[in-house]
J.: 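The structure that follows is given in the form of structure tokens.
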Amino acid sequence: MTDQKLKKEKSDSINSVKRKSKTDDESGSKKKIKIEKDNVSNKKLKKSIPIKKEITTTKVKKEKIKKESTPNSDDNEEEEEEDDTFKWWENPDDLDGEVKWETLEHSGVIFPPEYEPLPKNVKLYYDGKPVTLPIEAEEVAGFFGALLESEHAKNPVFQKNFFKDFQNVLKDSGGCPETDINSFEKCDFSKIFQYYDKKREEKKSLPASEKKLIKEEKEKLEEKYKYCLLDGRKEQVGNFRIEPPGLFRGRGAHPKTGALKRRVQPEDITLNLGKDAPIPTPPNGHNWGEVRHDNTVAWLAMWKENIMGNVKYVRFSQNSSFKGISDLKKFEKARELKKHIDKIRADYRSKLKSNLMIDRQIATATYLIDVFALRAGGEKRDDEADTVGCCSLRFEHIFLKPPNIVIFDFLGKDSIRFYQEVQVDQQAFKNMKIFKKDPKKPGDDLFDRLDPSILNKYFQEFMTGLTAKVFRTYNASKTMQDQIDSIVNEGTVNEKVVAFNAANREVAILCNHQRTIPKAHQAGVQKINEKIEEMIWQKIKLKRIMLQMDKTMKKKDMAFFEETSDLTKEKELEIVTRWSERELEKVQKKFEKDKEKLKFEKKSISTEEYKKKTEEIKEEHKKKVDKTKEMIKQFKSEARKQKYEEKSTYTAEKLKAQVDKLDERIKNTSLQLKDKEENSAVSLGTSKMNYIDPRLTVMFAKKFDVPIEKLFTKTLREKFAWAIESADADWRF
DNA sequence: GTGCGGACTTAGAACCGGCAAA
DNA sequence: TTTGCCGGTTCTAAGTCCGCAC
């Protein structure tokens, strides 16, 4: 199987985890838990109809919710909560079906706070002069002002879309009395920005107690929205807060980025709840748009958003039984693919040579989806960012380098670049060449006969419910299983976690999960590099002192002293200078801060005391500056002369011990740097959350004796409670 | 078969809070 | 004690896929 080989080569080349040989011991795994035993087939899941677990009256239950969720009932609450959890996975026969629930009660949604007008003195400036805006327009100007220093505000498309909508709102709300606002360039939002920035600062610098109070207040207000009653059981609601108005932040080159996302009114909301459930009261003076009782869906409320015309839903939270059930089904479906994958691979391999163009395209696309984990790639509208997946790949997205190298270069979901130079199957290469043949030109579809529905129909021939995305789940979890199999069970817990993360990283790379390199990354790397450089400087200095004390040492241990010649006078001076500047800066900063602090205290102390303290601070600062300068002077002179001060307490042993300590620190810092660089552009979370069967993680934790808390955060532990309780150390994907 | 809307999963960015280093 | 960083959480955009109407 050439492609499997290819795949293996691909992953081997990036894999740095220790390996051991291992036979496939699938049959050996114990099947303790019921899910495992039954292996919940999808058909079975679909056919079954939910059975009501408890029939408790709403009133009683409601009181229970209130009691349980008071924030100060601590431990007790958790225990109670534990008992109350609906363990759906213990009865997998009862899952899903067309009808999703029998009764559903909830409190509706929370609306964002009303707009708070700017103070009279904070204004938009137009053509250099302050102008008055109707409140509606002022709000929109404020949206832009608040983001003034972000990247969005520099994007011309963002500016254009914002300004168009701003002008419309301005017109509809009566216009600006002083002047016509018709040029974005003449608008100056800086005063508005400063106002919001100051507010942000104020909020941040509030005393901890005050912050806590505000938080508690908010929690109290939101309490009842957080939970709902689903078939009499308490379940958590996810996004019960309605999205606040603002400017649409589309990803990549989105044609509508910056457009005004208008305020959602109760009249825009459709609620979904049980027929007999009390209807939550809408905000004063308002009505709900619609109230529905549709028990075939899993949402509590929805509204239509005005930018793209998409529907937004209020749903159950990630740890709800709904999400758990669909996660389990998703991974079971991916595991089912295991049984069919050989047949599918054989089929598309043979169809790569088909005489029918459509079959060749299907086969080639399937190959790409299977081997390179591409997404299906549905068609997109003109008013969306131009991103592609497999079926929507165009002429310009692949470059062919004979004999069989393909360079993929395109923007995928979220405008994340997919760039890979890979060796592909010889026949697949030939096919892609044919698909690009004249008269095809840039802008034309590579797979002109395909769309995801055609491809998915082909997949269903092999397995019901098989679609393109299942391949991603399957290959991701399969990769993780293989990676875990190759990890040797030894070392500290931390080392095992590092090995697990390395495996996780392989999956993230397969799925092309990236993140933009954090703004501070480059600076951070430089800082660490400088730190390492300075530690080496310290170390060499110590070694040179050792030699100053006893020249003969060099002969005794050449290797140890070898690096003493690595540091040139120029380099050392450079390091000393950098160090000096930083030290002086630090001292100065401290001084500024002390002064600032004293200014604050001024009101509460006498003038005399204030004077005294000022003097003290000045004195202290001067002392520090003098001391630092003296050190700088010494270091510089040492560097120039390449001769270092020997202290009376020095002994060869003590110096050697210091060198060892530095070596250890350098090693640790270098490791930290490597990790930082390797992870700077890869995001591990998405694959852990969506692609890696959580039972693999649980298996790893149990088999390698790593606490699950080291691998799953609290939210993930809640989301994957079903996996934590059902997989053991022998579990296999 | 095609186009479209609805319902769901998947995704990175933004935000927040706690903790280690200075 | 403060600050800056990092991991975790929240937010909401952007995909996939299905089913229905024509």
Side-chain angles (χ1 to χ4, degrees), chain A residues 100 147 150-152 200 203-205 208 211-212 215 238-244 246 248-252 254 256-257 261 270 272 294 296-299 302 304-305 307-313 315-318 322-323 326-327 329-330 375-381 384-385 387-392 411-416 451-457 459-460 465-470 472-473 476 508 511-516 518-521 523-524 527 531 582-583 586 589-590 593-594 597 672 675-676 679 681-687 689-691 712-716 718-719:
Chain A
K100 304 212 167 169
L147 306 163
S150 77
E151 283 307 302
H152 291 294
R200 263 194 296 260
K203 209 176 139 195
K204 224 167 66 184
S205 60
K211 275 187 195 163
K212 205 177 147 202
K215 207 180 156 195
N239 54 329
F240 52 83
R241 292 181 203 97
I242 294 297
E243 292 174 19
F248 175 68
R249 286 136 112 131
R251 311 247 169 95
H254 199 297
K256 291 201 173 176
T257 192
K261 203 168 102 166
T270 299
N272 191 35
D294 183 353
T296 67
V297 294
W299 51 264
M302 61 151 257
K304 200 162 192 171
E305 147 276 329
I307 308 265
M308 305 301 296
N310 291 328
V311 179
K312 301 258 185 167
Y313 298 94
R315 301 171 174 283
F316 295 92
S317 80
Q318 286 294 332
F322 272 133
K323 300 280 185 194
S326 52
D327 267 356
K329 280 165 60 192
K330 175 181 77 183
R375 295 188 183 82
E379 195 153 330
K380 297 195 71 187
R381 304 187 321 212
E384 296 176 283
T387 63
V388 298
C390 185
C391 293
S392 48
L411 296 183
K413 182 176 178 181
D414 291 311
S415 295
I416 295 295
D451 64 47
S453 81
I454 293 172
L455 215 47
N456 287 337
K457 253 179 219 142
F459 296 147
Q460 324 254 328
L466 183 60
T467 61
K469 79 196 265 287
V470 181
R472 264 169 85 82
T473 315
C511 296
N512 200 39
H513 290 145
Q514 301 186 27
R515 56 183 188 140
T516 48
K519 258 190 197 152
H521 175 74
K527 220 169 145 186
K531 214 162 99 187
R582 213 178 46 222
E583 285 304 303
K586 255 194 245 168
K589 230 176 173 176
K590 168 97 172 65
K593 226 173 61 195
D594 285 346
K597 222 162 106 190
Q672 191 193 332
D675 217 48
K676 195 184 172 89
N679 278 334
V682 185
S683 127
L684 304 187
T686 307
S687 49
M689 170 115 157
N690 300 300
Y691 288 102
F712 280 153
T713 63
K714 184 170 156 276
T715 14
L716 281 187
E718 282 170 8
K719 175 179 162 77

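Nothing here was measured: the structure is a model prediction, and the numbers come from that model.
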J.: Could you check whether the rings of A:Tyr313 and A:Trp299 sit parallel, tilted or perpendicular, using 30° and 60° as the cut-offs?
T.: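 Because their plane-to-plane angle lies in the 30° to 60° range, the rings of A:Tyr313 and A:Trp299 count as tilted.
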J.: Please list, chain by chain and in numerical order, all residues satisfying salt bridge (charged side-chain N to carboxylate O under 4.0 Å, His left out) with A:Lys212, sequence neighbours excluded.
T.: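 A:Lys212 satisfies salt bridge (charged side-chain N to carboxylate O under 4.0 Å, His left out) with no residue once adjacent residues are dropped.
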J.: Looking at every strand, decide which applies to A:Gly250 at a 4.0 Å heavy-atom threshold: base, sugar-phosphate, or nothing.
T.: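 Touches sugar-phosphate only.
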J.: Check the distance between C:dC17's P and A:Phe459's CZ and give it to me in whole angstrom.
T.: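 In whole Å, C:dC17 P and A:Phe459 CZ are 9 Å from each other.
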J.: What integer distance in Å separates A:Asn310:CG from B:dG6:P?
T.: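 Atom-to-atom, A:Asn310 to B:dG6, this comes out as 10 Å.
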J.: On DNA chain C, check which nucleotide each of A:Asn239 and A:Lys380 is closest to and give me the residue with the more 5' one.
T.: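 Per heavy-atom nearest nucleotide, the more 5' residue is A:Asn239.
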J.: Tell me what A:Phe248 touches on the nucleic acid: a base, only sugar-phosphate, or nothing, going by heavy atoms under 4.0 Å.
T.: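 Sugar-phosphate only.
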J.: Would you tell me if any nitrogen or oxygen in the side chain of A:Ser326 comes within less than 4.0 Å of OP1 or OP2 on B:dC8?
T.: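 No, A:Ser326 has no side-chain N/O under 4.0 Å of OP1/OP2 on B:dC8.
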J.: Measure from CE on A:Met308 to P on C:dA14 and round the result to the nearest Å.
T.: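 Rounded to whole Å, this separation is 7 Å.
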J.: Expressed as a whole number of angstroms, how long is the span from A:Leu455:CG to C:dT16:P?
T.: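 Taking CG of A:Leu455 and P of C:dT16, I get 11 Å after rounding.
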J.: Out of A:Arg375, A:Arg249, A:Arg251, which one pairs with A:Asp414 under the salt bridge (Lys or Arg N to Asp or Glu O under 4.0 Å) rule?
T.: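 With A:Asp414 as partner, A:Arg375, A:Arg249, A:Arg251 yield a single salt bridge (Lys or Arg N to Asp or Glu O under 4.0 Å), made by A:Arg251.
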J.: Please determine whether a side-chain nitrogen or oxygen atom of A:Thr467 lies at a distance below 4.0 Å from atom OP1 or OP2 of C:dC17.
T.: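 Looking at the OP1 and OP2 atoms of C:dC17, one of them is under 4.0 Å from a side-chain N or O of A:Thr467.
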J.: NA contact type, A:Ala468, heavy-atom cut-off 4.0 Å: base, sugar-phosphate, or nothing?
T.: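 Result for A:Ala468 = sugar-phosphate.
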J.: With sequence neighbours left out, what residues match A:Glu384 under salt bridge (charged side-chain N to carboxylate O under 4.0 Å, His left out)?
T.: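 By the salt bridge (charged side-chain N to carboxylate O under 4.0 Å, His left out) rule, A:Glu384 matches no residue at all.
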J.: In whole angstrom, what separates A:Lys312's NZ from C:dA14's P?
T.: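 For the pair A:Lys312 NZ and C:dA14 P, the rounded distance is 9 Å.
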J.: Whole angstroms only, please: what is the CE-P distance between A:Met302 and C:dT12?
T.: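 Rounded to whole Å, this separation is 18 Å.
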J.: A:Lys304 NZ to B:dC4 C1': how many Å, rounded?
T.: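 Result: 10 Å.
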J.: Given C:dT2, is OP1 or OP2 found less than 4.0 Å from the side-chain N or O atoms of A:Lys204?
T.: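 No, outside the criterion.
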J.: Taking OP1 and OP2 of C:dT10, is either one under 4.0 Å from a side-chain nitrogen or oxygen of A:Arg241?
T.: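 For C:dT10, neither OP1 nor OP2 has a side-chain N or O of A:Arg241 closer than 4.0 Å.
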J.: Within this structure, what is the CD1-to-C1' distance between A:Ile242 and C:dC11, rounded to whole angstrom?
T.: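 It is 13 Å, rounded to the nearest whole Å.
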J.: I'd like to check A:Asn456 versus A:Ile454 (side-chain heavy atoms, cut-off strictly below 4.5 Å). Are they in contact?
T.: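 They are not in contact (no side-chain heavy atoms under 4.5 Å apart), so the answer is no.
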J.: Salt-bridged, A:Lys261 to A:Glu243, with N to O below 4.0 Å?
T.: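 A salt bridge links A:Lys261 with A:Glu243.
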J.: Between C:dC17 and A:Asn456, is there an OP1 or OP2 to side-chain N/O distance shorter than 4.0 Å?
T.: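 Indeed, a polar side-chain atom of A:Asn456 lies that close.
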J.: Applying a 4.0 Å non-hydrogen cut-off, can you work out what A:Lys261 is touching in the nucleic acid: base, sugar-phosphate, or nothing?
T.: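 If one applies the 4.0 Å heavy-atom cut-off, A:Lys261 turns out to touch the sugar-phosphate alone, with no base involved.
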J.: For nucleotides 10-22 of chain B, read 5' to 3', which letter fits each nucleotide if B means a protein heavy atom sits under 4.0 Å from the base, S means only the sugar-phosphate is that close, and - means neither?
T.: BSBSS-------S
J.: Mapping A:Gly238 and A:Ala385 onto DNA chain C by nearest heavy atom, which one lands closer to the 5' end?
T.: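 Final value for this comparison: A:Gly238.
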J.: Please work out if A:Gly309 contacts a base, only the sugar-phosphate, or nothing of the nucleic acid, heavy-atom cut-off 4.0 Å.
T.: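 Here A:Gly309 touches no strand at all.
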J.: Does any donor atom in the side chain of A:Lys413 or A:Thr387 lie under 3.5 Å from an acceptor atom in the other side chain?
T.: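 Result is no, nothing qualifies.
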J.: Are more than 12 heavy atoms, taken from residues, nucleotides or ligands other than A:Glu379, located less than 6.0 Å from that residue's CD atom?
T.: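 No, the 6.0 Å shell around CD holds no more than 12 heavy atoms from other groups.
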